[in-house]
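Just so we're clear, the structure is a prediction, and the values are computed from it rather than from any experiment.
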Amino acid sequence: MEHSETVFDRQAIAGRVAALGRQIRTDYEGKQLLLIGVLNGAFIFLADLARAIDMELEIDFIRVASYGDASASSGSVVLRKEPELDLSGKHVLVVEDIVDSGLTVAWLRDYFAAKHQAASVKICALIDKQERRTVPVQADYAGFQAASGFLVGYGLDCAQKYRNLPDIRAVKA
Ligand code: IMP
Ligand code: MG
């Protein structure tokens with residue numbers, strides 16, 4: 001992609017994903033782990049993370065949308081697809097691409113908190129943009145901290161493009 005620079009290359013991503021996988025395996029040992037990927041952005045991260053967690057687990061997906069295709073989220077989150085697996089007694093780990101304003105993660109926490117069957121709910125985000133936060137939420141696991149620039153690649157899009165780039169790049173304004 002032109003007008004962009006690599007921020008996290010594929011080796012750095014692989015290293016962080018492997019470390020997260022080991023940490024998650026240790027933390028969830030002996031528990032029923034259910035990964036729930038947030039479509040579309042998390043699909044590549046989830047695919048790699050799931051293979052880095054060396055234990056029995058289940059995988060499902062949720063799709064949410066914040067209105068618009070713009071680089072900034074607009075303030076309202078809409079549920080597009082519910083998870084389909086039974087959550088009863090499961091330890092849910094929601095796998096998200098980026099925590100930006102925090103709106104989506106706050107919404108996801110409320111959504112799963114209302115599903116009382118789950119034994120626990122935590123969030124694993126590939127990228128945490130702390131300085132952009134407008135809602136006070138934290139990811140329980142984060143791959144990388146990033147500044148405010150707009151990122152594409154490794155599942156992250158700009159108007160639906162560039163998800164297939166193997167490295168994560170910052171789009172220059
Ligand atoms: P939030 O609700 O503002 O935290 O942002 C949530 C969603 O916006 C994330 O799940 C991403 O899908 C998208 N998003 C935020 N920042 C970026 C970015 O830099 N690149 C691509 N998508 C982003
Ligand atoms: Mg997303």
Side-chain angles (χ1 to χ4, degrees), residues 1-25 35-54 57 59-81 83 93-109 111 122-173:
M1 184 195 189
E2 285 175 61
H3 310 299
S4 69
E5 62 185 2
T6 301
V7 180
F8 307 115
D9 68 20
R10 61 202 81 180
Q11 289 84 4
I13 296 168
R16 280 301 294 146
V17 170
L20 284 171
R22 287 191 296 269
Q23 181 71 55
I24 290 165
R25 180 199 142 127
L35 302 181
I36 300 190
V38 183
L39 295 170
N40 294 338
F43 82 110
I44 293 179
F45 177 42
L46 175 75
D48 284 345
L49 182 66
R51 287 177 289 178
I53 304 171
D54 185 17
L57 53 77
I59 296 175
D60 201 354
F61 294 93
I62 187 171
R63 185 193 297 271
V64 295
S66 29
Y67 273 116
D69 253 349
S71 318
S73 62
S74 61
S76 67
V77 176
V78 180
L79 178 66
R80 299 278 192 217
K81 181 213 173 294
L93 184 59
V94 180
V95 180
E96 172 63 313
D97 54 2
I98 291 194
V99 190
D100 188 38
S101 69
L103 205 84
T104 305
V105 162
W107 187 96
L108 288 164
R109 281 208 196 276
Y111 174 85
K122 288 193 173 178
I123 309 279
C124 176
L126 176 63
I127 295 165
D128 188 359
K129 288 185 187 169
Q130 289 274 4
E131 64 186 55
R132 295 260 307 163
R133 211 57 49 78
T134 60
V135 184
V137 289
Q138 292 292 331
D140 301 286
Y141 300 91
F144 297 100
Q145 300 295 325
S148 56
F150 198 77
L151 304 175
V152 296
Y154 197 70
L156 300 167
D157 73 304
C158 182
Q160 302 307 327
K161 301 214 172 73
Y162 314 116
R163 293 192 197 274
N164 57 322
L165 298 177
D167 304 309
I168 294 175
R169 305 179 68 87
V171 181
K172 288 182 187 151

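Of the N and O atoms on the side chains of Asp48 and Tyr154, at least one donor lies less than 3.5 Å from an acceptor on the other residue. Counting only N and O atoms by type, the side chains of Arg132 and Ser101 include no donor and acceptor under 3.5 Å apart.
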task = Show your working on salt bridge (Lys or Arg N to Asp or Glu O under 4.0 Å) between Arg22 and Asp54 and close with a plain yes or no.
result = CA-CA 8 Å; Arg22 287 191 296 269; Asp54 185 17; over 6 Å; no
request  = Verify side chain to side chain contact (heavy atoms under 4.5 Å, CB included) between Lys129 and Gln145, making sure each step is shown before the conclusion.
outcome  = CA-CA 6 Å; Lys129 288 185 187 169; Gln145 300 295 325; over 6 Å; no
request  = Give the intermediate values and the outcome of side chain to side chain contact (heavy atoms under 4.5 Å, CB included) for residues Val94 and Lys122.
outcome  = CA-CA 6 Å; Val94 180; Lys122 288 193 173 178; over 6 Å; no
inquiry  = Between Phe43 and Asp97, does the side chain to side chain contact (heavy atoms under 4.5 Å, CB included) criterion hold? Intermediate values first, please.
reply    = CA-CA 8 Å; Phe43 82 110; Asp97 54 2; over 6 Å; no
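In this structure, the side chains of Trp107 and Val135 stay at 4.5 Å or more apart for every pair of heavy atoms. You'll find the side chain of Asp140 stays beyond 4.5 Å of the side chain of Cys124, heavy atoms only. In this structure, the side chains of Asp157 and Asn40 stay at 4.5 Å or more apart for every pair of heavy atoms. Side-chain contact check for Val77 versus Leu103: some heavy-atom pair is nearer than 4.5 Å. Contact check for Phe45 versus Val17: side-chain heavy atoms found under the 4.5 Å cut-off. The shortest side-chain heavy-atom distance between Val64 and Thr104 falls under the 4.5 Å cut-off. Taking 4.5 Å as the limit, every side-chain heavy atom of Leu79 sits out of range of all side-chain heavy atoms of Lys81. Residues Val95 and Ile36 are not in side-chain contact: their nearest non-hydrogen atoms beyond the backbone lie 4.5 Å or more apart.
In terms of heavy atoms, Ala146 sits closest to Leu151 at CB-CD1, 4.1 Å. Across every non-hydrogen atom of Ala50 and Leu57, the tightest pair is O-CD2, 4.3 Å. Heavy-atom minimum distance, Gly155 versus Ile44: N-CD1, 3.6 Å. Closest approach of Val152 and Cys158 over heavy atoms only: CG1-CB, 3.6 Å. Among all heavy-atom pairs drawn from Gly37 and Leu46, the shortest one is CA-CD2, 4.1 Å. Considering every non-hydrogen atom in both Ile168 and Gly153, the closest pair reads CG1-O, 4.0 Å.
For Arg133 (side chain) and Val137 (main-chain N/O), a donor-acceptor pair under 3.5 Å exists by modelled atom type. Arg169 contributes a side-chain N or O that, together with a main-chain N or O of Ser4, makes up a donor-acceptor pair within less than 3.5 Å.
Rounding to the nearest 0.5 angstrom, the gap separating the CD atom in Gln23 from the CZ atom in Arg16 is 9.0 Å. Taking CD from Glu131 and CG from Asp100, the interatomic distance works out to 10.0 Å, rounded to the nearest 0.5 Å. Separating the CG atom in Leu126 from the OH atom in Tyr141 is a distance of 15.5 Å, to the nearest 0.5 Å. Atom CD1 of Ile62 and atom CD of Glu96 lie 10.0 Å apart (nearest 0.5 Å). We find the CD1-CZ distance between Ile53 and Arg25 to be 11.0 Å, quoted to the nearest 0.5 Å. Here the CG atom belonging to Leu165 is positioned 10.0 Å from the CG atom belonging to Leu156, to the nearest 0.5 angstrom.
Heavy-atom contacts from other residues, nucleotides or ligands closer than 6.0 Å to CZ of Phe8 number more than 12.
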